[in-house]
Each structure stands twice: as C-alpha cells, then as structure tokens.
Amino acid sequence: MLLVRGTAGGTGLTGTLYEPGEDPPSFKGAPDEGAPYVWVCDAFYEVESGGQAQTIGDRELRVAFESPMPRGFETREAAIEAAKEHVRTQFARLGVEEADVEVTVLQQAEEAEA
C-alpha cells in the first residue's frame, strides 16, 4: 500500500494506492475487481457557506468534500501519476498553484498481526 500525500500552505491531503494482493475498500462505485492498482482519495472544492473551515497559507476558506471516487489502473506507474495529479487538482480547486504543492509517495508499513 502506498500513501500519496500533497502538502501546501500548511495543510495536507493523503490518499491510498492499493497494490496487487491488497484488499481495497469495497463500496458502491468501486472499480472493477480486476484492477490490480486502486487509488482512493477524497475530493473537495471551495464553497461560499457551509462546508468545513480550512486555512491554507494566509487564507481562510470553506471546503466541501465529495465522496471518494476509487479508480482502477493496470500499472503502478499510471496509478502513481494519476494519484499525484489528483492531489494537485484538489489544491488547484482551492486556488493553490501546482508549483506550490509538494507531493510525496510513501510505502505504508504493514501492521503486525496480533
């Protein structure tokens, strides 16, 4: 399992990339079970009222979240590139320049079985 995290303006967004042999969450709208790589991450956008207060840099705004939209991919490279683009797009929806978003990919250590 990989974690793809974007940070900008003092806040962050992290999504999960499930690799072959791992069980991604199953729910309505999940991709075809045959996809070896599955990306799951929140999506959000700025709203005038409602939503959740968020500070990015020196700007306070309101953010509404959409349901995660899992996406399936055939290759690891395609999945990672799409995940990075997704993270950058979410920040762009809040007015953050792409160059200001730092994206990292981390291997999630498996939890020890009890």
Point to revise | Spatial distance of atom CD (Glu98) from atom CD (Glu85) [nearest 0.5 Å] | key: 6.0 Å

Check your understanding: Thr16 versus Leu3: any side-chain heavy-atom pair under 4.5 Å?
Key -> yes

Check your understanding: What's the verdict on side chain to side chain contact (heavy atoms under 4.5 Å, CB included) for Leu94 and Phe44, showing C-alpha distance, side-chain angles and the deciding distance?
Key -> CA-CA 8 Å; Leu94 303 180; Phe44 49 80; 3.2 Å; yes

Check your understanding: Is Leu13 reachable from Val47 through a run of hydrophobic residues whose side-chain heavy atoms are each under 4.5 Å from the next?
Key -> no

**Study point:** Arg93 side chain reached by Val63 side chain, heavy atoms, under 4.5 Å
**Key:** no

**Study point:** Heavy-atom closest contact (Gly51 atom, Arg62 atom, distance)
**Key:** O-NH2, 3.1 Å

**Study point:** Nearest-0.5 Å distance, NE2 of residue His86 to CG of residue Asp42
**Key:** 7.5 Å

**Study point:** Side-chain touch Leu2/Glu19, heavy atoms, less than 4.5 angstrom
**Key:** yes

Exercise for review: For the residue pair Phe91 and Asp100, establish whether any side-chain heavy-atom pair is separated by less than 4.5 Å.
Suggested key: no

Review point. Atom CG in Leu17, atom CD in Glu22: separation rounded to 0.5 Å?
Key: 8.0 Å

Exercise for review: Taking atom CD of Glu60 as the centre, report whether more than 12 heavy atoms of other residues, nucleotides or ligands fall under 6.0 Å from it.
Suggested key: yes

Practice item. Report whether Tyr45 and Leu61 are members of the same hydrophobic cluster (ILVMFWY, side-chain heavy atoms less than 4.5 Å apart, transitive linking). Key: no

Practice item. Return the minimal non-hydrogen interatomic distance between Val40 and Pro70, and the atom names on each side. Key: CG2-CB, 3.8 Å

Exercise for review: Report the C-alpha distance between Glu66 and Gln90 in whole Å, list the side-chain angles of each, state the deciding distance to 0.1 Å, and finish with yes or no for side chain to side chain contact (heavy atoms under 4.5 Å, CB included).
Suggested key: CA-CA 11 Å; Glu66 299 172 346; Gln90 299 319 298; 5.6 Å; no

Review point. How many angstroms lie between atom CZ of Arg76 and atom CD of Glu81, to the nearest 0.5 angstrom?
Key: 12.0 Å

Review point. Taking it one step at a time, do Glu46 and Arg59 satisfy side chain to side chain contact (heavy atoms under 4.5 Å, CB included)?
Key: CA-CA 12 Å; Glu46 186 174 2; Arg59 187 170 165 239; 2.6 Å; yes

Practice item. Could you give me the CA-CA distance, side-chain angles and deciding distance for Val4 and Val103, then say whether side chain to side chain contact (heavy atoms under 4.5 Å, CB included) is met? Key: CA-CA 7 Å; Val4 179; Val103 179; 3.9 Å; yes

Exercise for review: To the nearest 0.5 Å, tell me how far Ile56 CD1 sits from Thr7 OG1.
Suggested key: 11.5 Å

Exercise for review: For residues Tyr37 and Pro20, determine if any side-chain heavy atom of one lies less than 4.5 Å from a side-chain heavy atom of the other.
Suggested key: yes

Exercise for review: Say whether Leu106 and Val87 are linked into one hydrophobic cluster, either directly or through other cluster members, by side-chain heavy-atom distances under 4.5 angstrom.
Suggested key: no

